[in-house]
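Working notes for the structure below.
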Amino acid sequence: MSTFIHVAFHKGLPRSRATPTPYPTKSPLFLLTLLSFFLPPSPPPQNGSFENAMTAIAAAVALSLPISLCDSCKVSKKFQGVKGGFGVFAVLGEANSLGPSDKKSLWGTLFDVEDPRSKAPQCKGRFLDVYQALELARYDIQYCDWRARQDLRTIVLLHEKVVEVLNPLAREYKSIGTMKKELAELQGELAQAHKQVHISEARVSAALDKLAYMEELVNGKLLEDRTKMESSIAAPSSSTSTQSLDTMKRPRKSLDVSGPVQPYHPRLKNFWYPVAFSTDLKDETMIPIDCFEEPWVLFRGKDGNPGCIQNTCAHRACPLHLGSVNEGRIQCPYHGWEYTTDGKCEKMPSTRLLNVKIKSLPCLEQEGMIWIWPGDDPPTTTLPSLQPPSGFVIHAEIVMELPVEHGLLLDNLLDLAHAPFTHTSTFAKGWTVPSLVKFLTPASGLQGYWDPYPIDMEFQPPCMVLSTIGISKPGKLEGQSTKECATHLHQLHVCLPSSRNKTRLLYRMSLDFAPLLKHIPFMHYLWRHFAEQVLNEDLRLVIGQQERMINGANVWNWPVAYDKLGVRYRLWRDAVERGSKPLPFSKPI
């Protein structure tokens, strides 16, 4: 005797329509299987209890979950998106209650589906219109349906082999040792089939994400502002279908990041930017920085508060950071002129004091970081928090000057799919290459988590990336969420736009374990060495990107599913430069 369970997940259908009746072979049907297999380490019980043990094991390996989506429909001009919840219906029964012909009919309904690969839609041209894109999305679902059916067929066949091995009549011609060996082999095959089922599940999830994304594009949610602008430029006689065609070109048009880096738009300056760690700005010290292609210098005034003034003396344009700080004023090394944190010159040796003032920026200190406001708009009253989560201890704060444009560096930091190919000598050494990498995020947000990696990530405007990494065994990061990991590493990356080809990177690393590491002498040198190793693996690629971008290549030529967070950063930045209100992804769900 064995037990089977069928559960139908109907997405987007009312409960009254989701029934446990036989599934129509013409509708897209997702067959995802959860397989449970348990083989006791001890020999099967003897005498009368053997049949009961056989029944329990056979029942465990017979679990299957056919999952059905709503009936397919012809592509129409009005796309009906996949919405709604999941309805779950279970039918419990005895396998012996089905005759051989009934079983064959049931499995035939599930498995006898034509391979859809021979009917893949053929699309010509570089761009797809809305209907072609939706047709491709439907084909993806049909292929996932067919692939999952094959996975389920494999498990059903393995289940029948298990039942055959555990047949009581087998005791007459097989020893317990032989049966255990055969069961162990089947267990390995079932484990492999179980892994394949998870891959199919991920493919289904990706296909549904693609459908949802197509719906967003059709409704103009992501590019509403750009569509309005294009519509106003278009001739009055332009048809609705032409505008829809332009909208579907978005991945090739709105993500055109090519050619020499253009001068930064003034609107991008109207944010608070972290520029230094508080521990680096001691009394009577100075930190020269470049921000948006202008030179500035940080120092502390008489009250101990930080200030940021133009790093150019009003007298003869000498760099002020080459001088010194005296009593809270920065002194020019050329003729001794001294400036306060608001830029006013209060001392001019050997001449009459004139009313001279150089440019200064709003400057604040919060949570161990120095912030400046380089824009012309009045600064906001609140600063974002970049503190690590509760329970973490800061172990390293590192500053580097890198020869790449800050947007390209952010693109790199917001992408984890490259890790098993790029970072093979550092933190990703030993990682396997997953069959599918996803970044799961709310429909309107700049944060989420990576699958299959236990890493949470967030883009914090205007130029910060925060990430929490769950640490397990080396080379075994896949398959766990951060919540399932006992120890974690938290990272902060700040990519300050120094110039169009240079970035000031601030990196902070925190741990929620091993607090004693912070007190080991020279440990910060080790952290810096490791950080530079990881960064150098990226830099050789990003610098190559930058060279090709300057020569006309588009570094966002063909975004795919795992580029989601990087794409959203680019859309956010594009909206800032256009002056869109409100900014996209500004309301976390």
Side-chain angles (χ1 to χ4, degrees), residues 260-282 285-300 306-325 330 332-334 339 341-343 358-365 369-377 379 383 386 397-413 461-465 492-508 531-532 535 538-539 542-543 546-547 549-550 573 576-577:
V261 181
Q262 299 300 311
Y264 289 108
H265 197 284
R267 293 192 185 98
L268 201 58
K269 300 179 182 181
N270 292 318
F271 294 90
W272 283 106
Y273 284 84
V275 293
F277 294 111
S278 296
T279 53
D280 293 335
L281 189 62
K282 300 178 174 60
T285 62
M286 296 165 288
I287 299 178
I289 64 169
D290 288 334
C291 183
F292 290 107
E293 302 188 288
E294 292 187 77
W296 305 93
V297 61
L298 307 171
F299 66 103
R300 294 188 182 275
C308 179
I309 65 174
Q310 182 181 336
N311 192 12
T312 304
C313 182
H315 181 209
R316 302 280 291 277
C318 180
L320 292 175
H321 77 275
L322 300 178
S324 59
V325 177
I330 190 169
C332 177
Y334 208 173
Y339 301 87
T341 53
D342 63 357
I358 60 177
K359 187 177 179 180
S360 65
L361 296 177
C363 186
L364 294 175
E365 187 172 17
M369 304 196 79
I370 311 297
W371 301 69
I372 65 172
W373 181 279
D376 295 329
D377 288 358
L383 280 71
L386 302 180
E397 293 179 334
I398 299 169
V399 180
M400 301 180 188
E401 301 289 342
L402 306 177
V404 293
E405 193 268 334
H406 88 289
L408 290 177
L409 188 59
L410 282 169
D411 291 341
N412 174 267
L413 293 171
C463 64
M464 292 84 79
V465 178
L492 165 67
H493 292 86
V494 177
C495 300
L496 180 69
S498 298
S499 69
R500 282 178 281 177
N501 59 1
K502 188 173 72 171
T503 298
R504 178 178 173 87
L505 175 66
L506 278 63
Y507 172 75
R508 185 172 66 196
E532 288 177 345
L535 192 60
D538 285 319
L539 272 182
V542 180
I543 290 175
Q546 182 170 260
E547 293 172 350
M549 179 186 73
I550 292 173
R573 179 171 167 178
V576 169
E577 294 177 350

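In terms of heavy-atom proximity, Tyr339 sits nearest to Ala314 at OH-N, 3.1 Å. Between Cys291 and Trp296, the shortest heavy-atom contact is O-NE1, 3.7 Å. When all heavy atoms of Ala317 and Thr312 are compared, the pair lying nearest together is CA-CG2, 3.4 Å. Across all non-hydrogen atoms, the minimal contact from Leu413 to Cys495 is CD1-SG, 3.5 Å. Nearest heavy-atom pair across Pro319 and Pro333 is O-CD, 3.9 Å. Taking each heavy atom of Cys332 and Cys318 in turn, the nearest pair found is SG-CB, 3.8 Å.
Interatomic distance, Arg500 CZ to Gln546 CD, rounded to the nearest 0.5 Å: 11.5 Å. Going from atom CD of Glu397 over to atom CZ of Arg508 covers 6.0 Å, rounded to the nearest 0.5 Å. Taken from OG1 in Thr285 to NE2 in His321, the straight-line distance is 13.0 Å, to the nearest 0.5 Å. The line from CZ of Arg573 to CG of Leu410 is 8.0 Å long, rounded to the nearest 0.5 Å. The distance from atom CG of Leu361 to atom OH of Tyr273, rounded to the nearest 0.5 Å, is 12.0 Å. Atoms CG and CD1, from Asp280 and Ile370 in turn, are 9.5 Å apart once rounded to the nearest 0.5 Å.
Taking the side chain to side chain contact (heavy atoms under 4.5 Å, CB included) definition, one finds that Thr341 meets it with Phe299, sequence neighbours left out. Applying the salt bridge (Lys or Arg N to Asp or Glu O under 4.0 Å) test to Arg267 and every residue at least two apart in sequence or in another chain returns nothing. Checked against ring pair (Phe, Tyr, Trp, His ring centres under 6.0 Å), His315 has the following partners two or more places apart in sequence or in another chain: His335, Trp337. Remark: Pro403 engages Ile543 in a side chain to side chain contact (heavy atoms under 4.5 Å, CB included) (not counting sequence neighbours). Among residues two or more places apart in sequence or in another chain, the ring pair (Phe, Tyr, Trp, His ring centres under 6.0 Å) test is passed with Tyr264 by Phe292, His406. Listed by chain and residue number, Asn412, His418, Thr422, His423 satisfy the side chain to side chain contact (heavy atoms under 4.5 Å, CB included) test with Asp538 (two or more places apart in sequence, or in another chain). Residues passing the side chain to side chain donor-acceptor pair (under 3.5 Å) test with Arg504 are Glu401, sequence neighbours excluded. For Pro379, the side chain to side chain contact (heavy atoms under 4.5 Å, CB included) partners are Trp272, Pro362, Trp373, not counting sequence neighbours. Partners of Lys502 according to the side chain to side chain donor-acceptor pair (under 3.5 Å) rule, which considers only residues two or more places apart in sequence or in another chain, are Asp290. With sequence neighbours excluded, the residues satisfying side chain to side chain donor-acceptor pair (under 3.5 Å) with Glu365 are Ser278, Arg300. The side chain to side chain donor-acceptor pair (under 3.5 Å) check on Ser499 picks up Asn501, with sequence neighbours excluded.
The shortest side-chain heavy-atom distance between Leu535 and Leu402 falls under the 4.5 Å cut-off. Taking 4.5 Å as the limit, some side-chain heavy atom of Leu539 sits within range of a side-chain heavy atom of Val404. Looking only at side-chain heavy atoms (C-beta outward), Lys269 and Asp376 stay at 4.5 Å or farther from each other. For the pair His265 and Val576, the minimum side-chain heavy-atom distance is 4.5 Å or more. When side chains are defined from C-beta on, Cys463 does not count as touching Phe271, because their heavy atoms never get closer than 4.5 Å. Between Met369 and Leu506 there is a side-chain heavy-atom pair separated by less than 4.5 Å. Contact check for Val261 versus Leu408: no side-chain heavy atoms found under the 4.5 Å cut-off. Considering only heavy atoms from C-beta on, Ile372 comes within 4.5 Å of Ile289 through its side chain.
Side chain of Asn270 to main chain of Asp377: a donor-acceptor pair is present (N/O by atom type, distance under 3.5 Å, no hydrogens or angles). When atom types are taken as modelled, the side chain of Gln262 and the backbone of Pro260 share a donor-acceptor pair closer than 3.5 angstrom. A side-chain donor-acceptor contact under 3.5 Å links Asn311 to the backbone of Leu320.
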Under the criterion side chain to side chain contact (heavy atoms under 4.5 Å, CB included), I'd like the reasoning laid out for Cys308 against Val297: C-alpha separation, chi angles, the key distance, then a yes or no.
CA-CA 6 Å; Cys308 179; Val297 61; over 6 Å; no
